[in-house]
Asker: 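Below are the structure tokens for one structure; questions will follow.
Atoms within a ligand are numbered from 1 in the order they appear, just like the ligands themselves. In what follows, every heavy atom counts, from backbone to side chain, and hydrogens, waters and symmetry copies are set aside.
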Amino acid sequence: MADETTAADIVAQLEALEREAHDRLEQFTAESDLSEWRTDYLGRSGKVTQLLRGLGGLPKEERPRVGQLANTVKARLAEALEAQQAALRRGQHAETLKAEALDVTLPGAPVRMGQLHPTTQILNEILGIFERMGFMVVEGPEVEWDRYNFAMLNIPANHPARDMWDTFYVDADPTKNFGSMLLRTHTSPVQVRIMENTPPPVRIVAPGRVYRNEATDASHEAIFYQVEGLAVDERTSMADLKGVLTAFARDLFGANTRVRFNCSYFPFVEPGAEVSISCHVCGGDGCRVCKHTGWLEVLGCGMVHPNVLEAVNYDPAQYAGFAFGMGVERIAMLKYGIDDIRYFYNNDIRFLQQFR
Ligand code: FA5
């Protein structure tokens with residue numbers, strides 16, 4: 001019988017089918033395509049099962065061997081399917097990872113760094129200079145008694161000098177022991193508070209906020225900062241005052257700075273002076289910053305008035321002292337050529353960031 005199927009035929013067909021199945025399997029790139037292949041080769045009416053139908057035509061003794069081979073092929077194909085499935089899954093996972101990749105080596109979004117306010121920066125610089133000369137930094141209250149802000153500074157009630165320092169009164173009851181309570185107009189009351197509690201010698205600088213009932217303009221704020229200075233000892237003289245303030249001006253504005261003392265009046269000093277420095281922008285020739293005078297006014301100062309020493313129980317026959325007071329924003333304006341004091345507290349970040 002020419003068309004009778006032999007065991008060898010079925011084995012050959014099984015081998016060919018297995019190769020074909022493997023080849024097709026390898027070509028799949030998506031896991032979803034695999035179910036069609038499963039139906040084709042391993043399904044109930046798949047190709048392997050159909051081949052097995054030919055087993056019936058084989059001699060009885062050959063059937064088990066060929067049947068076993070067919071089962072082995074089926075098992076191998078099932079294994080190959082599983083392997084391919086896992087490989088595709090791994091591939092897809094890798095793809096996903098790649099697509100969702102996060103490059104942790106890239107620099108992050110820059111963090112905006114804060115900084116000290118220009119007033120604080122210049123204040124620290126000023127205090128540093130005096131600390132290096134042996135002055136101690138102290139502070140006093142911003143809400144102050146009339147007694148410290150005026151009376152003990154040789155400015156009694158109804159003294160015309162009070163007009164220079166109008167302020168905000170918290171409590172206007174002059175019958176109280178210390179007079180009215182007010183927002184201090186200068187840092188000079190700290191002089192009194194320190195001397196009242198400390199025997200001489202005294203050498204202090206007192207930074208802080210002060211308040212004035214004043215219309216604001218390019219050079220005036222109603223709230224601003226001052227630094228007070230005070231030195232009292234047995235032989236303190238005007239020469240010490242000039243030496244200390246000249247050293248201060250040269251440290252802050254440059255070694256070639258010239259310093260000028262003009263007579264001035266403050267009730268708590270005698271003699272009193274106003275200090276100007278040669279304009280560091282034009283070197284004294286005259287420019288916009290110094291309003292073509294060659295000089296910039298920086299502070300008020302003088303020898304502590306004997307009445308102030310007496311008020312704190314220091315003996316003016318034994319002790320003498322000098323004092324000075326400067327406006328911090330005004331110093332910063334001179335140093336950096338800022339032409340309007342209002343920039344300091346407008347909170348415009350473009351201004352503030354220039355002082356990094
Ligand atoms: C006083 O306040 C005195 N206590 C200074 C003093 C101390 C003199 C010790 C003698 C001895 P005056 O009012 O001039 O003085 O102010 C001192 C400084 O504060 C001025 O030179 C100026 O730089 C600054 N200043 C005054 N008023 C304002 C204002 N409205 N805005 C900003 N700065 C001001």
Side-chain angles (χ1 to χ4, degrees), residues 118-119 122-123 126 130 135 140 142 144 148-150 152-155 159-168 182-195 202-232 236 238 240-242 244-245 248-249 252-253 260-277 295-309 320-335 338-345:
T119 306
I122 197 92
L123 190 57
I126 294 169
F130 286 110
F135 286 76
E142 291 175 22
E144 189 52 284
Y148 292 109
N149 195 79
F150 293 125
M152 287 181 82
L153 285 167
N154 202 26
I155 316 171
H159 190 290
R162 290 199 178 208
D163 289 348
M164 298 188 334
W165 294 296
D166 190 17
T167 184
F168 305 95
L182 46 85
L183 298 184
R184 68 177 178 189
T185 58
H186 50 180
T187 42
S188 299
V190 187
Q191 288 186 35
V192 180
R193 284 181 173 273
I194 290 293
M195 287 192 284
V202 167
R203 219 184 295 168
I204 55 110
V205 275
R209 212 180 279 133
V210 301
Y211 304 80
R212 293 190 186 180
N213 183 8
E214 195 149 18
T216 56
D217 61 26
S219 54
H220 293 86
E221 271 287 1
I223 302 173
F224 59 100
Y225 280 77
Q226 283 190 342
V227 171
E228 191 81 8
L230 171 74
V232 184
T236 306
M238 188 87 185
D240 296 318
L241 169 63
K242 291 183 79 172
V244 164
L245 291 181
F248 162 71
L252 193 64
F253 291 102
R260 191 177 74 172
F261 287 75
N262 283 50
C263 285
S264 184
Y265 173 70
F266 300 95
F268 33 91
V269 288
E270 178 59 33
E274 218 135 46
V275 174
S276 305
I277 57 164
W295 294 96
L296 299 165
E297 208 177 283
V298 286
L299 55 85
C301 66
M303 298 306 292
V304 181
H305 197 288
N307 288 354
V308 177
L309 293 176
F322 67 74
F324 56 85
M326 65 187 86
V328 177
E329 294 84 355
R330 292 267 187 96
I331 298 267
M333 289 169 80
L334 297 178
K335 188 165 160 102
I338 299 161
D339 58 11
D340 198 318
I341 196 169
R342 290 167 292 196
Y343 285 130
F344 283 89
Y345 306 114

Asker: Just by distance, do the side chain of E221 and the backbone of T216 share a donor-acceptor pair under 3.5 Å?
Answerer: no
Asker: Examine the proximity of ligand 1 to T187 and report which part, side chain or backbone, both or neither, has a heavy atom under 4.0 Å away.
Answerer: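 Under 4.0 Å from ligand 1, T187 contributes no heavy atoms.
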Asker: Which atom pairs, donor and acceptor, lie under 3.5 Å between side-chain atoms of residues 265-276 and protein residues at least two apart or in another chain?
Answerer:
none

Asker: Taking 4.0 Å as the limit for heavy-atom contacts, which would you say applies to E329 with ligand 1: side chain only, backbone only, both, or neither?
Answerer: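 For E329, no heavy atom sits under 4.0 Å from ligand 1.
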Asker: Quick one: look up the protein heavy atom nearest atom 3 (C) of ligand 1 and list residue, atom name and how far away it is.
Answerer: F268 CZ, 3.8 Å
Asker: Could you find the nearest protein heavy atom to atom 17 (C) of ligand 1 and give me its residue, atom name and distance?
Answerer: Q226 NE2, 3.4 Å
Asker: With atom 34 (C) of ligand 1 as the reference point, say which of F224, Y211, F324 has the nearest heavy atom.
Answerer: F224
Asker: Can you tell which part of C301 has a heavy atom less than 4.0 Å from ligand 1: side chain, backbone, both or neither?
Answerer: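 Backbone only.
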Asker: Verify the neighbour count for atom CZ of R342: are there more than 12 heavy atoms of other residues, nucleotides or ligands below 6.0 Å?
Answerer: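 Yes - once you tally the heavy atoms of other residues, nucleotides and ligands closer than 6.0 Å, there are more than 12.
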Asker: If we only count heavy atoms from C-beta on, is the N154 to H305 side-chain gap below 4.5 Å?
Answerer: yes
Asker: Kindly confirm or rule out an N or O of E274 lying under 3.5 angstrom from an N or O of ligand 1.
Answerer: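 So ligand 1 has no N or O lying under 3.5 Å from an N or O of E274.
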Asker: When you measure from atom 22 (C) of ligand 1 to every protein heavy atom, which one gives the shortest distance, and what is it?
Answerer: R330 NH1, 3.4 Å
Asker: Please say whether more than 12 non-hydrogen atoms of neighbouring residues, nucleotides or ligands are located less than 6.0 Å from NZ in K335.
Answerer: yes
Asker: Can you tell me which portion of H186 lies within the under-4.0 Å heavy-atom range of ligand 1? Options are side chain, backbone, both, or neither.
Answerer: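 It is the side chain that gets close, since no backbone atom is under 4.0 Å.
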Asker: Report yes if some heavy atom in the side chain of E329 is under 4.5 Å from a heavy atom in the side chain of Y345; otherwise report no.
Answerer: yes
Asker: By number and element, which atoms of ligand 1 are closer than 4.0 Å to a non-hydrogen atom of I341?
Answerer: 32 (C)
Asker: For atom 18 (C) of ligand 1, what is the closest protein heavy atom, and at what distance to 0.1 Å?
Answerer: G327 N, 3.6 Å
Asker: Hey, which atoms in ligand 1 end up nearer than 4.0 Å to a heavy atom of S188?
Answerer: 4 (N), 7 (C)
Asker: Which of the numbered atoms in ligand 1 are below 4.0 angstrom from a heavy atom of Q191?
Answerer: 9 (C)
Asker: Does S219 approach ligand 1 within less than 4.0 angstrom via side chain, backbone, both or neither, non-hydrogen atoms only?
Answerer: backbone
Asker: Are the side chains of H220 and I341 in contact, using a 4.5 Å heavy-atom criterion?
Answerer: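 They are not in side-chain contact.
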Asker: Looking at every heavy atom in both I277 and A249, which two are closest together, and how far apart are they?
Answerer: CG2-CB, 3.7 Å
Asker: Counting distance only, does the side-chain N/O of R203 pair as donor-acceptor with the main-chain N or O of F135 below 3.5 Å?
Answerer: no
Asker: Please work out which of R184, E221, R212 has its closest non-hydrogen atom nearest to atom 27 (N) of ligand 1.
Answerer: R212
Asker: With rounding to the nearest 0.5 angstrom, report the CZ to CH2 distance, F150 to W165.
Answerer: 8.0 Å
Asker: Identify, for atom 14 (O) of ligand 1, the protein heavy atom at the shortest distance, and state residue, atom and that distance.
Answerer: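 Its nearest protein heavy-atom neighbour is F266 CE2, 3.9 Å.
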Asker: Check whether any N or O atom of E228, backbone or side chain, sits under 3.5 Å from an N or O atom of ligand 1, and answer yes or no.
Answerer: no
Asker: Could you tell me if R184 sits above the aromatic ring of Y148, with its cationic atom closer than 6.0 Å to the ring centre and no more than 45 degrees from the axis?
Answerer: no
Asker: If the cut-off is 4.0 Å to any non-hydrogen atom of E214, which atoms of ligand 1 fall inside it?
Answerer: 30 (N)
